[in-house]
Visitor: 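What follows is a structure written as structure tokens; I'll ask about it next.
Chain letters run A, B, ... following the sequence lines, proteins first and then strands; every chain starts at 1. Heavy atoms only: backbone and side chains are in, while hydrogens, waters and symmetry mates are out.
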Number of protein chains: 2
Amino acid sequence: MVSKAVVSDIRDRLKTRGLRITPQRFAVYGNLLDRTDHPTVDQILEAINEELPIASKASVYTALTVLREVGLVREVLLDEGVTRYDANVQPHHHFVCADCGAIVDLPWNLLGDRLDLSQIPPSLDVTSYELTVRGRCGGCE
Amino acid sequence: MVSKAVVSDIRDRLKTRGLRITPQRFAVYGNLLDRTDHPTVDQILEAINEELPIASKASVYTALTVLREVGLVREVLLDEGVTRYDANVQPHHHFVCADCGAIVDLPWNLLGDRLDLSQIPPSLDVTSYELTVRGRCGGCE
DNA sequence: TTAAATGCAAACTATTTGCACGTAA
DNA sequence: TTACGTGCAAATAGTTTGCATTTAA
């Protein structure tokens, strides 16, 4: 695992942001970089403890909190009462399968320049926006 | 209260969908129709019990569940770990204030049908989509 | 060496559920 | 009359927190 970004790359990203490189943080961030399925805390915990127990649930929570604070990770809240995490911090949209709950990243240019911001009340100061597309994924038809 | 939709109108909507008209259901749906701020369960509870206690929290939960099942109400999940409710079931987008958490409905034609679906993988069967716009609202600048 | 991070368990918050009682139709 | 709804309290699920112990730098 941890194939997408090299070990030293992950270490650099953490260090650059003033974070200590602990095995737990490394495992959490490495795992997130390695997958695109927007896992929950439990899924991350299961993945990184698969071979040998390395982190507690509380540590995964705090690692994710800190990673989010420094901008390496973002939360994805869709439906259900679970928070999902994503190491893709570039702007993008999401597709959510109504059946299995799978989440798929969609390209940012899906929207292009089609947004007509003039229709938003001027009293609202817009800083970002993103699309949530719902439907059924390939495996659920 | 319950000014937007007339009392008999609310009764009809509930009856049409096979729902018994209980004071609790009536109050919950009437309150939701009367506001556009996407309240939480606690806010609805507080509002309908303001003058005289009429419903328990559990009843508000079950009323909302049933109202959602028959399509009179929808859930709005943004951030924070709270579910908000909306009696506006027409397609529309949302603005969320990053400071105070206020939610404002945005018109559907902000985006309309101008989504470039060709960029979505054909294996994904799209049934709906909506935009979440973030920023700062008038009161929070 | 030491400030920062971990692990555990307890605390919290939001929501769901089981069941006896009440009530709309 | 009776199937459906309510209220309460207990149960769950997700997340946060306090604190003693460990550890990265």
Visitor: Please round to 10 degrees the angle between the axis of the first five pairs and the axis of the last five pairs in the helix from C:dT1-D:dA25 to C:dA25-D:dT1.
Guide: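 End-to-end axis angle for the helix from C:dT1-D:dA25 to C:dA25-D:dT1: 40°, rounded to 10°.
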
Visitor: What string of B, S and - do you get for nucleotides 10-20 of chain D, 5' to 3', when a contact is any protein heavy atom under 4.0 Å?
Guide: ----SBBB---

Visitor: Report yes if some heavy atom in the side chain of A:Thr132 is under 4.5 Å from a heavy atom in the side chain of B:Ser128; otherwise report no.
Guide: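 Heavy-atom side-chain distance check fails, nothing below 4.5 Å.
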
Visitor: Would a 4.5 Å heavy-atom cut-off, applied to side chains only, mark B:Tyr29 and B:Arg13 as touching?
Guide: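 Yes, their side chains come closer than 4.5 Å.
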
Visitor: With A:Val66, which residues qualify under side-chain contact (heavy atoms from CB on, under 4.5 Å), at least two apart?
Guide: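 For A:Val66, the residues satisfying side-chain contact (heavy atoms from CB on, under 4.5 Å) (neighbours in sequence not counted) are A:Leu19, A:Arg25, A:Glu69.
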
Visitor: Is a salt bridge present between A:Glu130 and A:Arg74, judged by a nitrogen-to-oxygen distance below 4.0 Å?
Guide: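 Yes, this pair counts.
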
Visitor: Judged by modelled atom types alone, do A:His38 and A:Asp105 share a side-chain donor-acceptor pair under 3.5 Å?
Guide: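 Checked: A:His38/A:Asp105 side chains pair up, N/O donor to acceptor below 3.5 Å.
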
Visitor: Above 12 or not: heavy atoms from other molecules or residues under 6.0 Å from CD of A:Gln119?
Guide: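 Atom CD in A:Gln119 is packed in, count exceeds 12.
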
Visitor: With side chains defined as the heavy atoms from C-beta onward, is the minimum distance between A:Leu64 and A:Ile44 less than 4.5 Å?
Guide: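 Of all side-chain heavy-atom pairs linking A:Ile44 with A:Leu64, at least one is under 4.5 Å.
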
Visitor: Can you measure from CD1 (A:Ile120) to CG (A:Leu115) and round to the nearest 0.5 angstrom?
Guide: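 Here the rounded value is 6.0 Å.
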
Visitor: Whole-Å distance between D:dG7 C1' and B:Ile48 CD1?
Guide: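 B:Ile48 atom CD1 is separated from D:dG7 atom C1' by 13 Å.
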
Visitor: Mind checking what makes side-chain contact (heavy atoms from CB on, under 4.5 Å) contact with A:Thr40, not counting sequence neighbours?
Guide: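 In terms of side-chain contact (heavy atoms from CB on, under 4.5 Å), with neighbours along the sequence ignored, A:Thr40 is linked to A:Asp42, A:Gln43, A:Val82, A:Arg84.
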
Visitor: Heavy atoms under 4.0 Å, any strand shown: does B:Leu14 hit a base, just sugar-phosphate, or nothing?
Guide: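 Nothing: the residue B:Leu14, judged by heavy atoms under 4.0 Å, touches no strand.
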
Visitor: Only one of A:Ile48, A:Thr62, A:Val73 passes side-chain contact (heavy atoms from CB on, under 4.5 Å) with A:Val28; say which it is.
Guide: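 Testing each of A:Ile48, A:Thr62, A:Val73 against A:Val28, the sole residue satisfying side-chain contact (heavy atoms from CB on, under 4.5 Å) is A:Ile48.
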
Visitor: Please round to the nearest 0.5 Å and tell me the distance separating atom CG of B:Leu32 and atom CG of B:Leu72.
Guide: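 CG of B:Leu72 is found 10.5 Å from CG of B:Leu32.
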
Visitor: Between which nucleotides of DNA chain C, 5' to 3', does chain A make heavy-atom contacts below 4.0 Å?
Guide: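 Taking any atom under 4.0 Å from a heavy atom of chain A, the span is C:dA3 to C:dC8.
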
Visitor: State, yes or no, whether a side-chain contact exists between B:Val133 and A:Leu124 at a heavy-atom distance under 4.5 Å.
Guide: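 Not in contact.
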
Visitor: Reckon B:Ala63 touches a base, only the sugar-phosphate, or nothing at all at heavy-atom distances under 4.0 Å?
Guide: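 The residue B:Ala63 makes no contact with any strand.
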
Visitor: Base, sugar-phosphate alone, or nothing: which one does B:Leu19 contact when heavy atoms must sit under 4.0 Å apart?
Guide: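 Contact class for B:Leu19: none.
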
Visitor: Report the C-alpha distance between B:Asn31 and B:Glu50 in whole Å, list the side-chain angles of each, state the deciding distance to 0.1 Å, and finish with yes or no for side chain to side chain contact (heavy atoms under 4.5 Å, CB included).
Guide: CA-CA 12 Å; B:Asn31 182 253; B:Glu50 193 172 8; over 6 Å; no

Visitor: Show me the protein contacts with nucleotides 2-4 of chain D, counting only N or O atoms at under 3.5 Å.
Guide:
residue, atom, partner, partner atom, Å
D:dA3, N3, B:Arg20, NH2, 2.9
D:dC4, O4', B:Arg20, NH2, 3.0
D:dC4, O2, B:Arg20, NH1, 3.0

